[in-house]
Structures are given as structure tokens and as C-alpha cells.
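This chain uses plain numbering: 1 for the first residue, then up along the sequence.
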Amino acid sequence: MAKKYCYLFTEGNASMRELLGGKGANLAEMTNIGLPVPQGFTITTEACTQYYDDGRKINDEIMSEIMKNVEIMENINGKKFGDLNNPLLVSVRSGARASMPGMMDTILNLGLNDEVVSAMIAGNPDPKFERFVYDSYRRFIQMFSDVVMEVGKKYFEQLIDKMKEEKGVKFDVELTAADLKELAKQFKAEYKKQLGEDFPSDPKVQLYEAIRAVFRSWDNPRANVYRRDNDIPYSWGTAVNVMPMVFGNLNENSGTGVAFTRDPATGEKKLMGEFLTNAQGEDVVAGVRTPMPIAQMAEKFPEAYKQFVEVCDLLEKHYHDMQDMEFTVENGKLYMLQCRNGKRTAQAALKIACDLVDEGMKTPAEAVLMIDPRNLDTLLHPQFDAKALKKAVPIGKGLGASPGAACGQIVFNAADAEAWKAKGKKVVLVRLETSPEDITGMKAAQGILTVRGGMTSHAAVVARGMGTCCVSGCGDIVMDEENKRFTLAGKEYHEGDYISIDGSTGNIYDGIIDTVDATIGGDFGRIMGWADQFRKLQVRTNADTPRDAKKARELGAEGIGLCRTEHMFFDPERIAAFREMICADTKEERETALAKIMPYQQQDFEALFEAMEGNPVTIRFLDPPLHEFVPTEDEEIELLAKAQGKSVETIKGIIQGLHESNPMMGHRGCRLTVTYPEIAVMQTKAVIRAALAVTAKHPDWKLVPEIMIPLIGETKEFEFVKKIVVATADEEIKKANACLKYEVGTMIEIPRAALTADEIAKEAEFFCFGTNDLTQMTFGFSRDDAGKFLPSYYDTKIFENDPFAKLDQVGVGKLMEMAVKLGRSVRPEMQCGICGEHGGDPTSVEFCHKIGLTYVSCSPFRVPIARLAAAQAAIRSKGE
Ligand code: PEP
Ligand code: MG
């Protein structure tokens, strides 16, 4: 049977979101449960993928099905495209499987042309109606030109501004029917000027072009960035919804709004929303006019409001989740235009999940699945220090649109935000209002402050989705974007000045306010407690300092999966000894330097063991590409020469000799021990002595240090190093007359190690995947340089994600799965972990669960994210 590419709202339901997109599926579901939805149809996501397969064309088969459905829609609604008595006007809106607010295109009022406009006006003598018709017409021409034909918005905005100036008015609503009629004429002329052709008057041509534009918008740059950040595959495509228009801008007895059944910023159970009379939906979201709170709708439209409150209750109970709805009141009658599970802050997500469990609407497992692990990030970042905050006096207040604390230097546009961030600066992006083009700048900023717009404005919705602090709608700011300055509370602020904003209270402060680390308590603690009951994977941390280890432990780490011992020497006090070791040219010299290093190492290892309170600690032996540590400045070279009693020339010669063409594939990891066994001897002594000392203090801890050898590619390399480690460790233990178990294992980070894992497992007592190097060596991409060319890979769709951030399950993952199987065929109980960056990435964690790893190890602040992702993986795999 031929594929069905269009579904009337009466033909779908909520379970069809893959095919109909979220919006289409929910419009169908609302229709099914009897809510007032203007009846239209959805063009499927498969039609979108077909459009791309056909070289960005809507083929005849799909087009004829669309036109058939237009006819059915015309019959259902008793209106017709282009009909002068009863014209049909529609909206054309995108709707992907996962919601991507503001990322794709929407066209409203489609179907208008000069004849339809004249006929509509002739049929209704009310002058207000005439104004409404011309308002809709000029909006349509502007939107169609901008969105469909990609003529810049600015040309039309300039014409509106000019008209307002001429007429001496401030707001669009103050323009008369005649003004708007004139504007529509000017807009069409502008269209012709820009494109060299007339504005299309045939509604069917308009529809075709609009659908094409929505399909095309799936591939626009901001959608691509959003998808990459939110793990939404390009292959999904977007659906398109064609729906008869209802008019919130018909008259003063009409309006439009958006609402949430619970507060999307805090999670509090109360209806939250915004409403604008005599307006269309885009006016609320675009933040052009600041809307009124939803409660005021009760006074203006008591009947519609009462019905709306009932709808909200019904929808929450139906979906068992907080709903985000768009609706319109036309002549006092309510229409539902959209509902979806609302985007929310991490804080709100936790509260809503816990409340829904308490209200009996969700089980704990379902509650755990409701939280997007990536969003926890915001809660784990610093908040303003309460004491410092008490002393600070706000200079202004907007809406607390996305919580968190942000301090930084003011920038006024997205490009500057990105550029300043690239220079290592922290910025707060201050805008009149944001638009979807600002997304990369918003991402680069610590926080976002806007002059206009409410809780559902673009800035607010997108910031919440990204977990970035946002204060919106601070109307007291007098903005001069062009000259990069604004005035607030009598002070003029310029680019580069510091401000602080509080996304919870909406307060704005002058200068920098101290911040403090976040803690896990309340709803967060409750969700993490449930998560821990479900997960099978252990979660460890990558920590090189006692401070990081302590933080990770507070955040729930069950051990250290990777301590990069070379990182312990970045400290200026310590680096000198380390450089001496690198630049030694005899064994004796090296041993002298190593003797200086050993106390530091032992002391740090003791502190790490203490911080982990008897939980496993994996210490990885030295793995520095040596070039990272050699001195480059003359002054430092002189110091080193002095310390070693050598001439500057000799040291320079040694440094020259250390130069490698491919340092990442060079003299690092176990290769260092093969050339300089004394390094492994020193490190083993430090680990064992530290473990003995801590065990003596805490005999109940059963400490079993895990010594991990990096960059093994051949089992004989491992045997060579292990022999040194075991001989040294046993001697230390014997000398101390103590009893201590320890393990010697390996990183699997070279493809050859994965391929020969059964051989290596005969000697190695555990495996840990170093997926940073494994990705580097499997792809042959330099970790240090790939960032330069990966953007071209995204643009050309060769890659959808950075393989260094999100595990390549197909290739690198295959090697991992193979290594686990081979290793455990020799050593069935073998512990296998991961400690590359991927250990804190939710989808990679899910993969690690699937291939049966023992633990994931990630940076301290990602520990809760990994705990939650591991629980979700376990719950989902049980359900499969
Ligand atoms: C790895 O390669 O994945 C790893 C954890 O080690 P490093 O990043 O230190 O090379
Ligand atoms: Mg590595």
C-alpha cells in the first residue's frame, strides 16, 4: 500500500508523534478528547524526509495528497481557499518529534490576497473589521516574505517604523486600517523590489511554498545547533501542521495566550501564563508587547477563562505531566492551538516529578525518566552567596525567567558574546529582545538579560532549555543597542562593564557578586535517591586533586575511576621538579628528580584515599605527552639549567631532542616506563606507601588501590610494566610488614588493545576505556586539532555530533563491546569501566550500561548527571 503522508486531526493520536511530530500528535489527541481545536491536518515527518531524499522537492504524490486533504479541510470547515464569500485562511506550522521551540518556521494568515481582502471587508461593514483584515494581510506578507522567501525582516520593520513615525504613534495597535492598508501595499512593493517578482496571490501556491519552507527550516543553522545540543537526530525530519486560522486579533473581544499548568521556572502548582487582547500568537512569544498575566483573562473573558481552566486540568490528568498550551479566543470563544509537555527549568523539573509522584500520577521510575540529565548541570553550578546577596542592592528587576546566578561583562549581541567567550571572558548578553538567530550567543553567555518579553518569550524559553540563567522583560532599561550602551537606575552601562543577574528572582545587580557551590538536597536528593535504586552502573569520578575528589564524593561519586597523576604537577611549585625529571639525561639525575616528586605524590594519594573513604581509587601512571611540560620561556629554562647544574644551551638541546612530530602518538603512557622504569618504581612506591598509611589510620576501610597503566597496545608492554609494579609493591608491603591487596590493570585506549583484549586480560586485572584516546586513534583525528575542522563535518552532515563528546557507538563502541567480551572470556568477573569524557554524557552512559560496563567515571560536576543517566538506562532496558 502506498505510504500515507497526510493525517486529518481526527485520524491521529498522541502515540503517533514519530510520524506526526509532537504538535500534530497532540492536536489529534486534543481533538479525540473533545477539545475545541480548529480542524486541519498534519503532513508527516516521512514527507519531510522524502523531500530531502528527492533533493529538496515535494514530489507529485505528496503534493496531490496534500491538496486532497486541503479539500477535505475546506469541506469540514465550510470555507474555501480564495473563496470570496467564505475564504479559508490557514496557519502552517512546523512540529518535530521532539519540541524545538522557536527553531523552525511558522506562517500565519495564509490564503490572503487582494481579492480575498476586499471581499472580506465588503462583507463586514464594521471599520474595526477592516482594520483587522489589513493587519492580518500585512502580517502575512511580512511573514511569508521573511520566512518563506528569506527576504530580511528588517526591510518590513523599517517600513513599519517609518509609518509609525509619520503617524506619530508608538505601537502597532495604534495604526489605523488605512495605515495598515498602505503598509500592505508597501510590503508587496518591497517584495517585488527584493525578489523581482509579484507576491504570489494564489493560496495554493502560497501553501506549497510555505510547506516547502517549513521542511527547509529543519535544516537551518539554528535548528542544527539546537539538535546537536539536544541529541535530536537529523534523520527524524519535521511534520507540518496546516490548520484553519482563528483570530485573536479580530477585535477587543479576542486575544491569544500561552500558559503552563505549573510554573515552568519553579514547578509550583499553579496556572501560569500570559495573554494579549487583540493580538496574534507571535506577539506573545516574540516579546514585542509585554503581555498581561493569565489571571486577568478571567475578568476580560470570564466564560472562555473558565473553560480554559477546565481544559488545563483535563490535559494534565490526561498526559500526567505539566502542559504548555497555546490558545486563542475569537469573539469570546476558546480554541486550543497546541499542547505539549512544557519545557521547564531543572529546578522545576525536579519539583514537578516529585509532586506528580506524591499526587499519584507517576511512579518513582517514571519520575526518574522525566528528568533530562543534561539539565541538572544548572543546579550544580554556583548560586549567589546568600550573604553577599543580602548586602547587594538591586539596580533593577525583570522576570526570573530561568534560574541560576550569572556574573559577567556586558555584551550587546550574539557575535560579541561568542567572540568574548572565545577569549576566555564571562559575559552577560543584554538585548532588547532575543530572536532565534541569537542562539549561539546565548549559549556562549553566562546569563541573558532582555528589556522586552515575558516568561514565554524566546529568550525565556530557550534559556530554560539550555539551563542558562535569564532575566527577561526589564522595561526600566533604556537601551541603545547600536551604541552598545544602556541606562538603568540612573547609571550608564557600556560594553565590558560587569553586572550580575539572578534568574530566580529577576534581580539585576551592579558589578560582581560572589557565588557559592550548589548542594544536592530536597527534591534533587529525592530523585537521586530513586535513581540510585534503579541503576546498575557504578558512578566514579575523574579527580586529580583532593578538592575535586571531595566535591565528587559530595555529589555521590562511588570512587575515583581516573587520577591523572601528571595533572598533580601543574602547580608552579611542583612543576620544577617534574621538569627536572623530564630533562634529566642520566638515570641518576632522573632518580634525584623523582625523589623530589615522590613526597608530593604520596601526600596527594593519601588525601585522595581519605576523600574517597575506602571506596575504590584508580591511579593512572604518568601519561604526559612530554611537550606539555617542558619550559618554553627563557626565564624558566634558566631556572631549570641552574637547578640541574647545566648550561642553558644543554637544556635547550634536551628540549629540542624531546620535540615530536605527533606528540599525542609519541613518547607517552607506558612507553615512558619502558624507557625509564624508575618512573613506575617511584609511582608504585608512592601509591603503596600512601595506601599503607591510610589503612593504618582506617583499618575498617579495606583499601585496594588500583594501579592503571596507560596506552597499552601490546600485552608484552603490559607484562613489562606490571613486573616492575609488582616487584616494587611487594617489596614495600613486605618492608612494612603489612598486608595489602592491590590490582594492576590497564586502560584500553588504543585500538590494538581492544582487538587483543583476551591476551591482555591474562595479565591485566581490570580494564578502563580511555575513550578520548580511543576515539582519537580509531578515527585518526587529533584530539587537539579536530575542533578546527569538525564544524565542516557538521555543515556537510558527515557528523551530527562531536565524537569526542558523544561516543561513536558504531565504531569506537564496537571496539569497546568487543574488548569487554574478549576480556571477560578470560577473566569473567573482570571490572570494566570508562574514564574518557564520554563517561558523563547521558547517551554514552546508556551505551555503557548496554555493553555491561561496571562503572562510568566522569568529572565531579557530571557525577549526578551520570547517576541519573545510568538509572534511566536501567529502567528503559527493563522496559524493552
Ligand atoms: C582517555 O584517553 O580517554 C583518558 C581518559 O586519558 P587522557 O584523556 O588523560 O588521555
Ligand atoms: Mg588517554
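- The backbone N or O of V240 sits nowhere less than 3.5 Å from a side-chain atom of S94 that would complete a donor-acceptor pair.
- N341 and D324 are not linked by any side-chain donor-acceptor pair at a separation below 3.5 angstrom, with hydrogens and angles left out of the test.
- Checked against N241 for a side-chain contact (heavy atoms from CB on, under 4.5 Å), the options V92, L27, T106 give a single hit: L27.
- Geometrically, K333 engages Y335 in a cation-pi contact, judged by NZ or CZ lying under 6.0 Å from the ring centre and within 45° of the ring axis.
- Not a single donor-acceptor pair under 3.5 Å links the side chain of N77 to the backbone N or O of K79.
- In this structure, the separation between OG1 on T31 and CD on Q39 is 4.0 Å, given to the nearest 0.5 Å.
- Under a 3.5 Å cut-off, the side chain of E366 and the backbone N or O of T363 do form a donor-acceptor pair.
- Evaluation of the ring-ring contact (aromatic ring centres under 6.0 Å, His included) rule for F247 yields F132 as partners, not counting sequence neighbours.
- A donor-acceptor pair under 3.5 Å is absent between the side-chain atoms of R340 and the main chain of Q338, judged by distance alone.
- The side-chain contact (heavy atoms from CB on, under 4.5 Å) check on K397 picks up T505, N507, with sequence neighbours excluded.
- Side-chain N or O atoms of E65 include one that pairs as donor or acceptor with a backbone N or O of Y5 at under 3.5 Å.
- For E316, the salt bridge (Lys or Arg N to Asp or Glu O under 4.0 Å) partners are R262, not counting sequence neighbours.
- Within the 3.5 Å criterion, the main-chain N or O of L276 finds no donor-acceptor partner in the side chain of T256.
- For Q296, the CD atom sits in a packed shell: over 12 heavy atoms of surrounding residues, nucleotides or ligands are nearer than 6.0 Å.
- Partners of F41 by ring-ring contact (aromatic ring centres under 6.0 Å, His included), not counting sequence neighbours: none found.
- Applying the side-chain contact (heavy atoms from CB on, under 4.5 Å) test to L369 and every residue at least two apart in sequence or in another chain returns Q872, I875, R876.
- Remark: D83 engages no residue in a salt bridge (Lys or Arg N to Asp or Glu O under 4.0 Å) (not counting sequence neighbours).
- By the 6.0 Å and 45° rule, R227 stacks over the aromatic ring of W218.
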